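Throughout, numbering of the chain's residues begins at 1 and tracks the sequence. Quick note: numbers below take in every heavy atom, side chains included, and nothing from hydrogens, waters or symmetry partners. All values derive from a computational prediction rather than experimental measurement.
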Amino acid sequence: MDQALKEYIASLKPEGFPDGNALVKEGMEMAKDIPWNKSRFLKEYGYESHLEYRKRNLADGKQTYQLLMGLSTLEEELEGIKKIDEFAKRTGFEVRSMQSIPSSLVGLAPEYWEGAPKPTSYMMEKEEDWIAHTDAAPVDICWQDWHLASPNNLNETRYALKAGTSRLGCFSTFTWDYPGYHDEKQRFSDMMRTMGILAAKKDEGMDCITYPEDGLPGYFMDIVSYVGYEMVEHYIIEDLCGARMSFSYGGLLSEILPRMSFALAMEKLYGTPDHPFVTYYNGSTNEQWDHDLEANYGLGASEMLIQSVINLKYNMPVVINPVSVTEAQRVPTLEELFNIVKCGIGAERKAKEWLSIIDFSKFEELRDLLIEQGSIFYHNVMEGFRESGVNVEDPLEMVMVLRHFDPAKFEQVFHPSMERYGYFVPYVPTVLGRETVEKEKEIVAELKEKGYENAVKGKKIICASADGHSYGLQLIDTVWREMNADVVNAGTNMEASFVLDLADEEDADVVIVSVHCGQSLDYAKLVAEISKKRNKKYNVVMGGVLNAMLPGYTEPVDVADLINEIGVFATNDFEKQINYIAEK
């Protein structure tokens, strides 16, 4: 490893942070005063944990299904949980699991709420709100988004344990930022204490869940890198913190062969008969149509069929977590979620017939390749960190170095192809990475054909993502560079104030922001508010998912017109963006 890279990695080490192992021990002591209660679901059905429930279903030849649900108010969410129970009783379909998707504001202490963008989904404010979820009906509830790695993680962990969940996440989201909150030492010290709490509860059945696409792997171009990275997380969670790791994935991996081989690789690496490693398959979203939505049932059915087949073949009680046919367009209704589950249960009925037809050797060959090359990736990471002076025995230092490591650089530096070829070559390319590159080429070719190649030449453009999603940022960065603009890539998780600060520093002509998580309208309002305070006009373009939850609506609605009224130019039409920029 060259000296410059060693110095870069060493520069990522946190200064003045406490010892991570001591914090984990603090958390284990704290756990003695935090009860892990039995949920209504576990008490009424007689299971010790959600895992035992999954195993029983598989032994009976059935799959376990779970719904992702984040409605607009707490009252609607609790009513939705009751409707899941009613649906299961009415139809006989085994749906007794739900992952709660609340507002990102639950990850912040109340004093930070006012200045943060208001995303879609509902609020939880006090312990009773968590308990109300598990008391609403005999439905197992887990929490992942905005919990384990959030600034408010200690409180949320206490509440979730008292509510009776046996699954808590999401570890990988330590990469996420929270607008208005910047105390990393407090946030991640508390995260280590939380890891100690989960470690103390593992023998009772508590799992620490991670989800790669919501962390560093969400930026990766190769599934080999996913495997190697998850081996690093496993080392931190299990070897250093002593908690029990569970693994879920699927949103960005839609191609059947690598999608399922990835599960087999992780299960072979870390699964045991007592504790299977893979918790759930999330339905993919990156191939869904935003027109003729019913066609997306075909995508969902094909995924759920092969998931059922793989579960049966390899005796894996992995939960099927389907996404609605509207997932790529908007937050689904509960009825739409029930419809996709019914589609999956129909596909499941044919799963056993496919067992004798499918050639599983292709899955196993790719599984073994992923393990082989992923293990090299993991070894490269650990050796590279050691050579650079990172204390790989300290879980807090490991997390902080990973958090601040440039994701693209991380993948390329440690990827096994670097040693073999001297440059980065994906062995098993991710779909979204490849599709982003293809979309970039398509947009650039179309714009050049229309004569726009030099329309914004010399314009200085700041490109930023308002959240942790990187592919939209990669897209706009490439397109504007190809249009001969002078591009400054600000990175992901960029708050409005930071973006505008950078615009001032760089004397930029235009700022372009990619949005995803329903925060577009609030983000635009913050831009307008900051501009007014500074008595300065900024030229800001916004693209991506231009919707938000408005008062009186139970689903997100398109807010592009409202954003334009505020003074931010909102459109996904690159030709319109070029004409706007050319005038500035």
Side-chain angles (χ1 to χ4, degrees), residues 47-66 94-97 99 140 142 144 166-167 169 205 207-213 223 226-227 230-231 233-234 237-238 244-251 253-284 300-322 341 344-345 347-371 374:
Y47 296 111
E48 289 298 314
S49 68
H50 186 258
L51 174 59
E52 185 182 341
Y53 163 66
R54 290 157 45 199
K55 286 182 175 181
R56 170 48 52 195
N57 278 345
L58 190 63
D60 292 341
K62 297 187 296 185
Q63 301 299 314
T64 304
Y65 291 85
Q66 174 175 287
E94 193 64 42
V95 183
R96 295 226 164 262
S97 298
Q99 182 182 330
D140 187 85
C142 75
Q144 289 185 217
S166 56
R167 301 171 286 154
D207 282 351
C208 170
I209 301 179
T210 195
Y211 186 88
E213 291 108 314
I223 301 175
Y226 275 59
V227 173
E230 286 309 323
M231 294 176 77
E233 282 199 342
H234 183 271
I237 294 170
E238 298 222 350
R244 187 169 63 187
M245 179 177 174
S246 287
F247 170 82
S248 304
Y249 75 97
L253 304 181
S254 55
E255 290 183 335
I256 295 300
L257 180 58
R259 175 182 174 86
M260 302 315 302
S261 299
F262 184 35
L264 295 179
M266 299 313 300
E267 197 63 49
K268 186 174 181 178
L269 279 167
Y270 299 121
T272 68
D274 289 338
H275 189 265
F277 188 66
V278 185
T279 303
Y280 70 79
Y281 309 111
N282 202 75
S284 66
S302 64
E303 285 184 352
M304 289 184 281
L305 173 61
I306 193 61
Q307 288 162 184
S308 296
V309 172
I310 291 290
N311 282 353
L312 293 171
K313 170 68 176 178
Y314 296 96
N315 195 36
M316 293 164 50
V318 184
V319 177
I320 295 175
N321 197 98
V341 166
I345 291 173
E348 177 192 337
R349 291 171 56 192
K350 308 298 288 184
K352 290 181 180 178
E353 297 179 32
W354 284 94
L355 281 171
S356 60
I357 301 172
I358 294 175
D359 177 6
F360 291 95
S361 65
K362 294 182 183 296
F363 293 102
E364 293 170 2
E365 288 169 7
L366 187 51
R367 171 200 66 191
D368 293 342
L369 172 67
L370 290 172
I371 291 174

So which atom in [X] and which in [Y] form the shortest heavy-atom distance, rounded to 0.1 Å?
X: Ser254; Y: Ser284; value: CB-OG, 3.3 Å
X: Glu348; Y: Gln63; value: OE2-N, 3.1 Å
X: Tyr211; Y: Gln144; value: CB-NE2, 4.2 Å
X: Lys350; Y: Glu353; value: NZ-OE2, 2.9 Å
X: Ser246; Y: Thr279; value: CB-OG1, 2.9 Å
X: Tyr65; Y: Met304; value: CE2-SD, 4.4 Å

Margin query: Does any part of the side chain of Ile306, heavy atoms only, come nearer than 4.5 Å to the side chain of Phe363, both counted from C-beta?
Written below: yes
Check: Does a side-chain heavy-atom distance below 4.5 Å link Tyr270 with Glu238?
Finding: no
Regarding [X] and [Y], is there a side-chain donor-to-acceptor distance under 3.5 Å anywhere?
X: Thr272; Y: Asp274; value: no
X: Asp140; Y: Tyr47; value: no
X: Arg167; Y: Gln99; value: no

Tell me if a side-chain donor or acceptor on [X] pairs with a main-chain N or O of [Y] at a distance below 3.5 Å.
X: Tyr226; Y: Leu370; result: no
X: Gln66; Y: Val319; result: no
X: Asp359; Y: Ser361; result: yes
X: Glu267; Y: Pro276; result: no

Check: Between Tyr53 and Thr64, is a side chain to side chain contact (heavy atoms under 4.5 Å, CB included) present by the stated rule, with each step listed?
Finding: CA-CA 9 Å; Tyr53 163 66; Thr64 304; 3.5 Å; yes
Notebook entry, point to check: Could you give the distance from OG (Ser248) to CG (Asn321), rounded to the nearest 0.5 Å?
Noted result: 8.0 Å
Item checked: Nearest-0.5 Å distance that lies between atom CG in Leu366 and atom CG in Leu257 -> 5.0 Å
Next item on the list: Determine, step by step, whether Arg54 and His50 satisfy the side chain to side chain contact (heavy atoms under 4.5 Å, CB included) criterion, reporting the C-alpha distance in whole Å, the side-chain angles of both residues, the deciding distance to 0.1 Å, and the verdict.
Entry: CA-CA 6 Å; Arg54 290 157 45 199; His50 186 258; 3.2 Å; yes
Margin query: Taking the six-membered ring for Trp, are Phe262 and Phe247 closer than 6.0 Å centroid to centroid?
Written below: yes
Notebook entry, point to check: Can you list the steps and then say if Gln307 with Arg259 is a side chain to side chain contact (heavy atoms under 4.5 Å, CB included)?
Noted result: CA-CA 10 Å; Gln307 288 162 184; Arg259 175 182 174 86; 2.8 Å; yes
Notebook entry, point to check: side chain to side chain contact (heavy atoms under 4.5 Å, CB included) between Tyr314 and Glu364: does it pass, once the steps are laid out?
Noted result: CA-CA 11 Å; Tyr314 296 96; Glu364 293 170 2; 2.6 Å; yes
